[in-house]
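Presented below is the structure to which this report refers.
Naming: A, B, ... by sequence-line order, numbering from 1 per chain. Below, each value reflects all heavy atoms present in this structure, side chains not excepted, and no hydrogens, waters or symmetry copies. The structure displayed is predicted, hence computed values, not measured ones.
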Amino acid sequence: MTSDIATMRNIGISAHIDSGKTTLTERILFYCKKIHRIHEVKGKDGVGATMDHMELERERGITITSAATYVAWGDHSINIIDTPGHVDFTIEVERALRVLDGAVLVLCSVGGVQSQTITVDRQLKRYDVPRIAFINKCDRVGANPVKVKDQLVEKLGHNAVLMQMPIGLEDQHRGVVDLVALKALYFDGPDGEIIRVEEIPAELAAEAKARRVELIDAVSMFSDRLLEAALENRVTEDLIREAVRKGTISRKLTPVFMGSAYKNKGVQPLLDGVVRYLPCPADIENWALDKETEGQKIPLRTDDDAPIVALAFKLEDGPYGQLTYIRIYQGHLEKGDEIVNARSGQKAKVGRLVRMHADSMEDIARAGAGDIVALFGIDCASGDTFAAPGLSLAMTSIYVPEPVISLAIAPVDKKAQDRIAKALNRFTKEDPTFRTHVDPESHQTIIQGMGELHLDVYVERMKREYKAEVSTGMPQVAYRETITRRIEFDYTHKKQTGGAGQFGRVIGVLEPLPGGSFEFVNKVKGGRIPNEFIPACQKGFQSVLRKGELTGFPVVGVKIILTDGAAHDVDSSDMAFQAAAQGAFREVYRKAKPQILEPIMKVSVEGPSEFAGNIFASINQRRGIIVSSVEDGIFARVDAEVPLSEMFGYSTTLRSLTQGKAEFTMEFLKYGRVPAAKAEELVAQYEEKRRQDASK
Amino acid sequence: MTVQTEFARRSPIRDMERHIHGGLGKGNLGVLASPKGVGKTACLVHIATDKLFQDKPVIHVSYASRVDYIITWYEDIFREIAGAMAAEPPLEVHDEVVKNRVIMNFKQEGTRTEQVLKSLESMITMGRFAADTVIIDGYDFSLSRPEDLVKFREFAGRLGLEIWFSASLRGEGPLWNASGTPFILEDFLPAIDVLITLRAEPDHVRLRVVKDRDYPAAGVLPLKLDPKTLLIA
């Protein structure tokens with residue numbers, strides 16, 4: 001391993017919204033001398049934080065896209081990806097975690113483990129990412145970092161261990177005690193840039209010693225040398241750090257740091273923690289799949305001299321063309337090198353190679369194994385693997401959740417029309433959870449995404465970045481239909497009067513397929529339906545499933561078993577059997593007791609306990625089922641299952657019910673049955689729409 | 001007969017209820033007491049699941065465990081009950097049963113009884129959750145006072161609920177007095193209507209009724225808790 005790789009860290013900063021990630025990243029850039037002034041996230045000084053480089057991010061005070069930046073801390077190089085906390089932007093977090101080696105989990109010292117923390121933690125576990133925790137905002141009223149550490153244990157099941165303790169909290173927060181070195185750290189200077197190391201204040205000495213013993217107890221399981229040293233009373237700082245690093249990289253330990261990024265406290269020790277305890281690229285096993293041996297796992301070597309294997313994880317369309325962010329897992333890249341897209345087979349030559357800062361870039365000649373850089377002028381999709389010519393490898397693809405909400409958009413004028421197409425083309429390439437299509441009946445342009453905020457942001461971006469103003473319809477929920485009863489069918493499609501005839505008879509069974517989408521089974525014997533027409537039967541059934549009779553939405557959960565039929569020597573054809581299949585389905589569908597399904601969301605609401613009753617009521621009013629509530633005396637978190645159709649406008653309602661002190665997140669959970677009254681309403685709406693379309 | 005009513009009819013909880021004069025009854029408090037790990041939570045979840053099969057909503061209050069652990073308990077017991085009945089309940093039965101259950105998790109230290117009762121009442125009134133029974137698991141009687149239990153009993157009476165508690169008995173020495181009442185519950189006894197203790201025996205756990213309102217207590221029951229299936233049988 002080259003020393004470059006050993007001193008490299010690729011990390012993400014992940015957390016719940018408003019826990020201070022972007023402020024923290026801003027401070028990191030400042031202390032690593034990447035920027036020369038600190039700007040607040042919500043622009044108190046009129047300029048937004050450096051990492052939130054989109055105007056919209058600055059305005060709303062939220063992070064939208066994941067920006068990448070490179071910093072140097074001591075003799076270590078760190079690639080940092082600042083990722084959004086809101087669940088509507090999960091794809092950005094998924095992408096970042098796929099390519100990073102470690103993460104900093106940021107928590108608020110008052111709010112602690114919140115609903116989005118749980119989602120992010122699940123994502124970290126999915127991609128086996130080691131993490132350290134930073135308990136931020138220790139200057140806030142109600143700050144309690146020890147309680148938050150306990151929540152990491154109780155709510156997330158982490159083996160969390162304090163590496164520090166606070167020197168004062170709330171407006172008395174002055175610094176932290178380093179429990180490994182048993183020293184007090186204070187942050188002097190106008191921006192906390194000067195670290196003053198002192199003896200621990202007398203009133204904290206006993207607690208510090210006790211907590212250090214707890215730390216050693218907790219981490220000695222990762223190091224026999226530390227265990228022996230502890231028994232013999234000769235523990236050193238190096239032994240503790242070595243054990244903490246082993247525990248963290250194995251994902252069996254979460255070291256916990258603390259401070260206040262806003263008040264410039266605790267950030268530099270966190271950076272020390274990143275380089276000491278998070279892995280370098282060579283510490284992590286990475287795998288690719290061999291396409292020639294049907295997906296056999298092949299280990300990759302974090303070695304500059306091995307053949308190149310890299311993953312494109314983010315695309316950005318800018319004024320100079322497409323910028324492709326890549327992570328190099330194996331080998332190195334230089335300008336002029338030839339690489340092959342494993343999905344399309346297309347060859348490409350590496351033109352410009354750049355290292356990214358948030359919104360500015362630095363040209364480089366070469367990038368090595370473990371590095372994260374960007375390429376210009378390479379045509380590809382997010383999730384594509386690039387490899388050396390002759391290598392038949394592909395990285396596993398990034399998990400992409402299905403969209404749950406759609407919206408019809410219409411240009412306000414002709415100019416907007418042309419620009420919309422360009423905007424949508426770019427956005428869909430950048431973000432696989434954002435999709436668009438034209439409805440074949442209404443000819444409306446439909447956009448689909450992960451939530452109201454997700455689509456709101458793209459509508460706003462169309463206006464600002466492409467000057468394409470659109471009007472939007474009501475958000476449309478993606479309903480489904482399904483059958484609940486087994487029914488037999490026997491249908492003949494016959495047209496034998498004048499001209500070429502058509503004949504096809506299909507006999508079989510339609511039955512529910514719980515949890516599935518569609519299954520077609522052919523049990524026709526003796527060639528009663530010639531084999532050549534069986535695919536046409538399947539195609540016929542599939543085509544009619546695309547649009548259910550009750551609502552026009554797709555039919556799912558159906559198994560069709562074809563058992564018998566009949567054909568005519570002359571008049572049978574693919575078209576005839578497709579028509580027979582469609583006719584058979586339409587004839588028996590209603591007898592199979594079809595039902596309408598709607599997306600059910602997992603909703604998590606958090607707020608002060610005093611508003612728990614209002615939160616319960618708000619969920620009940622939305623046909624929601626409360627699954628659980630957790631109260632710790634100050635805050636309540638309520639988890640519920642609520643139909644998506646009932647969630648529109650919930651953020652406004654919740655704000656008014658809780659004086660703006662509660663927030664919620666939601667993600668798709670499952671499809672559930674629509675109640676009878678609602679189903680009747682949907683059927684009536686669809687029938688009215690069909691009547692109107694027919695009269696046009 | 002639906003699957004649910006069949007399960008309810010055949011449930012051994014019916015036998016348990018016969019030995020406590022028809023069941024706990026609305027407005028009353030019941031306590032299941034035993035040393036740690038003997039099977040109190042399993043019993044409570046079995047009682048709760050039995051209620052759910054009768055279409056009676058249950059609030060499960062936990063002071064001890066994470067919500068996902070409690071959900072796992074219910075899933076395990078549901079599966080065991082289905083297995084014991086040699087029946088495969090359809091997914092709809094499971095979903096219907098789960099809809100009638102809400103889990104509320106509190107920290108006993110730092111949360112007063114009034115706060116807990118306020119939240120429970122909010123769930124029932126504002127959340128429109130028409131609870132029939134409240135199960136309270138992990139309540140530490142050593143951190144509580146008899147007045148607190150009186151408050152729970154008043155609450156049960158006012159809202160027409162049955163409330164079952166679990167009580168963990170700790171310590172090296174004798175845990176119960178000559179009449180079988182756990183020492184830790186002696187001061188709370190006036191507010192407890194039904195008290196059942198669980199004692200571990202070689203291959204099962206024996207249930208014993210120590211108090212049954214003003215009736216003579218039934219004593220050791222012919223029912224036991226199977227530690228493998230976690231069911232009362």
**OP:** Determine the option with the most heavy-atom pairs under 4.5 angstrom with chain B, choosing from A/I615, A/I619, A/V627.
**Re:**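 The answer is A/V627.
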Subject >> Choice from A/G672, A/G624, A/G613 maximising heavy atom contacts with chain B below 4.5 Å >> reply: A/G613
Original post:
Could you go step by step and tell me if A/V630 and B/V67 meet the side chain to side chain contact (heavy atoms under 4.5 Å, CB included) rule?
Top reply: CA-CA 8 Å; A/V630 179; B/V67 169; 3.7 Å; yes
Original post:
Should A/E631 and B/K118 be marked as a salt bridge (Lys or Arg N to Asp or Glu O under 4.0 Å) after you check the CA-CA gap, both sets of side-chain angles, and the distance that decides it?
Top reply: CA-CA 12 Å; A/E631 289 186 45; B/K118 184 177 172 214; over 6 Å; no
**OP:** For the pair B/M126 and A/N620, evaluate side chain to side chain contact (heavy atoms under 4.5 Å, CB included) and give the outcome as yes or no after the intermediate values.
**Re:** CA-CA 8 Å; B/M126 298 175 83; A/N620 174 265; over 6 Å; no
Just wondering, are more than 12 heavy atoms of other shown residues or ligands nearer than 6.0 Å to [atom1] in [X]?
X	atom1	result
A/K593	NZ	no
A/K125	NZ	yes
B/R128	CZ	no

Subject >> A/S609 side chain to B/Q115 side chain, donor-acceptor N/O pair below 3.5 angstrom >> reply: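 There is no such pair between these side chains.
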Original post:
Of the options A/I625, A/V638, A/I626, which is the one that meets B/V102 in a side chain to side chain contact (heavy atoms under 4.5 Å, CB included)?
Top reply: A/I626
**OP:** Can you measure from CD1 (B/I103) to OG (A/S629) and round to the nearest 0.5 angstrom?
**Re:**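 B/I103 atom CD1 to A/S629 atom OG measures 10.0 Å (nearest 0.5 Å).
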Subject >> Euclidean distance, B/N105 CG relative to A/K155 NZ, rounded to 0.5 Å >> reply: 8.0 Å
**OP:** Answer with side chain, backbone, both or neither: which region of B/R112 has an atom nearer than 4.5 Å to a non-hydrogen atom of chain A?
**Re:** neither
Subject >> Proximal component of A/D639, with respect to chain B [non-hydrogen, under 4.5 Å] >> reply: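 Neither part; nothing is under 4.5 Å.
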